[in-house]
J.: 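Take a look at this one; I'll ask things after.
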Amino acid sequence: MAVEQARAPDLSFDDIDPRYRAFIEDYIGLYGLDAAAFCRPLPRADEMFFKAILPNYEQDASIAAFKFTEATLRHFDTVRQIVDGAFGGFEKLGSFLDFASGYGRLTRIMLQKLRPDQIHVADIYKDAVDWQRQAFGVAGTYSTPDPAHLQHADRHDLIFVGSLFSHLPAELFHRWLAALYGLLTPGGVLAFSVHDESFLPQGEAMDASGIRYFRFSESGSLDADIYGMSYVSEAFVGEAIGRLPGRPAWRRFHKGAYENQDLYVVGAPGKDVSNVFVASTPMGGFETATHLTNGTVEFSGWALERTPGRRLTRLSVQLGGETRLEVAPDCERPDVLTHFPKAANTPIGWRFRLGPELARPGEMIRLRMDSDSGLFGCAYAEFPPRFAMTYAGWSRRALRQG
Ligand SMILES: C[S@@+](CC[C@H](N)C(=O)[O-])C[C@H]1O[C@@H](n2cnc3c(N)ncnc32)[C@H](O)[C@@H]1O
């Protein structure tokens, strides 16, 4: 396997379907980011992309690259909200550590917000750290299975740990929390994601301790003693944070990270985190395209605001950079909730028609979903829909054409 991987080339964004490349560039541009800087090749050894995302999309590299980009932008929404709430913006942030960074999908964006010398990455995979040092010029630390052996002298204003605590057994959960908290500067903030107990696989029961650990994961190489799948209650995490020195202030944001992880934000001793608010990026997708007469196509799909207390305020259909249609929700879609267990809001359904008077052949359709949280999400299709190009959000099915 290792030999096969070493021989296989990295995935270049230049090699994916140009229509998906256009979606990707458009989405990145809406964030005010540089698509060329983001779209560097994906290294073949990146398990996150090649063993998790790509197989999820039937090995379709174009869809997988779009999903990779979409997930990274959502990930960045999380970090940006922490930085804004806790520090007042990137210009006020000193040093950032992405712990358990993998091959650094976030680094592709952080480099556009901070200087390379402000960015530090760490992972147990030495190759991932080396690759980022070489590709991005950031500082890197090799992590260790046991936090007692971590050698890391620097201190950081923001330490972000995406999807590591969601894989730790109880004892390592406590010890990594203490070790990483100890790397904060005074006034710093530690943010980490977990699987909430509400995501426990069906038929399984929580342990009375508040953490349930399963000895399997997506990783092909990490030992199940140190990396599996864990599910925690808020009481467990609260108690774990309570063991840290200085009675830290902390906040929990349900589904504040990724599609299904809760986010905890913990201040260094004395640091107030009450200004931090992390909303979830709106999600949605195209599902059907029905060809009517005279070249008109009716599209339909779903949208969801996942943040408690927030709502979608606007759905707009944009072509050529301008809004051609406003869309009103046409029903509730409780069926979509199967994919979003314990969602705070009911998903909505939408439909709209586009004909030759509104859209030119080959034009990209952007459905933009704006929330009163200030965040937005986008789903993309092409006019007319010549092939299935949905795959936005959970929808892994082909666009149904009629
Ligand atoms: C699910 S991935 C998340 C990667 C990245 N944060 C992201 O969101 O793309 C988990 C990462 O944790 C890393 N990891 C596992 N155990 C670790 C440890 N003890 N120290 C540092 N990183 C570790 C893995 O190598 C992997 O890159």
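Order of appearance sets the numbers: ligands from 1, and atoms from 1 within every ligand. Predicted model only: the values in this text are computed from it and were never measured.
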J.: Just to confirm my output: which protein heavy-atom neighbour is closest to atom 9 (O) of ligand 1, and how far is it?
T.: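 Looking at atom 9 (O) of ligand 1, the protein heavy atom closest to it is Arg105 NE, 2.6 Å.
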J.: Where is the nearest protein heavy atom to atom 19 (N) of ligand 1: which residue, which atom, and how far?
T.: Thr144 O, 3.0 Å
J.: Output the list of atoms in ligand 1 that are nearer than 4.0 Å to some heavy atom of Leu222, sorted by atom number.
T.: 15 (C)
J.: What protein heavy atom lies closest to atom 20 (N) of ligand 1? Include the residue and the distance to one decimal.
T.: Ser143 OG, 2.7 Å
J.: For atom 16 (N) of ligand 1, what is the nearest protein heavy atom, given as residue, atom name and distance?
T.: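 Nearest neighbour among protein heavy atoms for atom 16 (N) of ligand 1, to 0.1 Å: Leu164 CD1, 3.6 Å.
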J.: Using heavy atoms and a threshold below 4.0 Å, how should the contact between Ala122 and ligand 1 be classified: side chain, backbone, both, or neither?
T.: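 Contact part for Ala122 vs ligand 1: neither.
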J.: Which residue and non-hydrogen atom of the protein lie closest to atom 2 (S) of ligand 1, and at what distance in Å?
T.: Met48 CE, 3.5 Å
J.: May I ask you to list the atoms of ligand 1 that are less than 4.0 angstrom from any heavy atom of Tyr258?
T.: 6 (N), 7 (C), 8 (O)
J.: Between Phe49, Tyr227, Phe165, which one has a non-hydrogen atom sitting closest to atom 15 (C) of ligand 1?
T.: Tyr227
J.: How far apart are the C-alpha atoms of Phe165 and Phe173, what are their side-chain angles, what is the distance that settles it, and do they pass the ring pair (Phe, Tyr, Trp, His ring centres under 6.0 Å) test?
T.: CA-CA 6 Å; Phe165 285 89; Phe173 193 106; 5.0 Å; yes
J.: Out of Trp176, Phe160, Phe192, Tyr181, which residue meets the ring-ring contact (aromatic ring centres under 6.0 Å, His included) rule with Phe99?
T.: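 In the set Trp176, Phe160, Phe192, Tyr181, the residue that makes a ring-ring contact (aromatic ring centres under 6.0 Å, His included) with Phe99 is Trp176.
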J.: For Phe236 together with His174, are the ring centres under 6.0 Å from each other?
T.: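 Ring centres of Phe236 and His174 closer than 6.0 Å.
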J.: Which atoms of ligand 1 have any heavy atom of Tyr125 under 4.0 Å away?
T.: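 Those qualifying, in numeric order: 25 (O).
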J.: Name the closest protein heavy atom to atom 14 (N) of ligand 1, giving the residue it belongs to and the distance to 0.1 Å.
T.: Ile124 CG2, 3.7 Å
J.: Could you check atom 26 (C) of ligand 1 against the protein and tell me its nearest heavy-atom contact, residue, atom and distance included?
T.: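 The answer is Asp123 OD2, 3.6 Å.
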J.: Among all residues two or more places apart in sequence or in another chain, which pass the side chain to side chain donor-acceptor pair (under 3.5 Å) test with Thr185?
T.: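 In terms of side chain to side chain donor-acceptor pair (under 3.5 Å), with neighbours along the sequence ignored, Thr185 is linked to Asp157.
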J.: Just to be sure I'm reading this right: ignoring hydrogens, which of Pro147, Ala52, Ser163, Ala100 gets closest to atom 5 (C) of ligand 1? Compare them by their nearest heavy atoms.
T.: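 Comparing heavy atoms across Pro147, Ala52, Ser163, Ala100, the nearest one to atom 5 (C) of ligand 1 lies in Ala100.
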J.: Within ligand 1, which atoms have a heavy atom of Trp176 less than 4.0 Å away?
T.: 19 (N)
J.: Give the atoms of ligand 1, by number and element, whose distance to some non-hydrogen atom of Phe99 is under 4.0 Å.
T.: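 This gives 20 (N), 21 (C) as the contact atoms.
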J.: Could you give the distance from CE (Met369) to CZ (Phe376), rounded to the nearest 0.5 Å?
T.: 10.0 Å
J.: Determine, for Tyr31 and Arg108, whether the Lys NZ or Arg CZ falls below 6.0 Å from the six-membered ring centre while staying within 45 degrees of the axis.
T.: no
J.: Looking at ligand 1, would Glu47 count as a contact under a 4.0 Å heavy-atom criterion?
T.: no
J.: Using the six-membered ring of Phe87, assess whether NZ or CZ of Lys271 lies under 6.0 Å from its centre and within 45 degrees of the ring axis.
T.: yes
J.: Thinking salt bridges, do Asp14 and Arg21 make one under a 4.0 Å N-O criterion?
T.: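 So Asp14 pairs with Arg21 through a salt bridge.
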J.: For the backbone of Ala279 and the side chain of Gln81, can you confirm whether one donor and one acceptor N or O come within less than 3.5 Å of each other?
T.: yes
J.: So if I apply the side-chain hydrogen bond (donor to acceptor under 3.5 Å, both in side chains) rule between Tyr125 and each of Ser143, Ser221, Ser101, which one comes out positive?
T.: Ser221
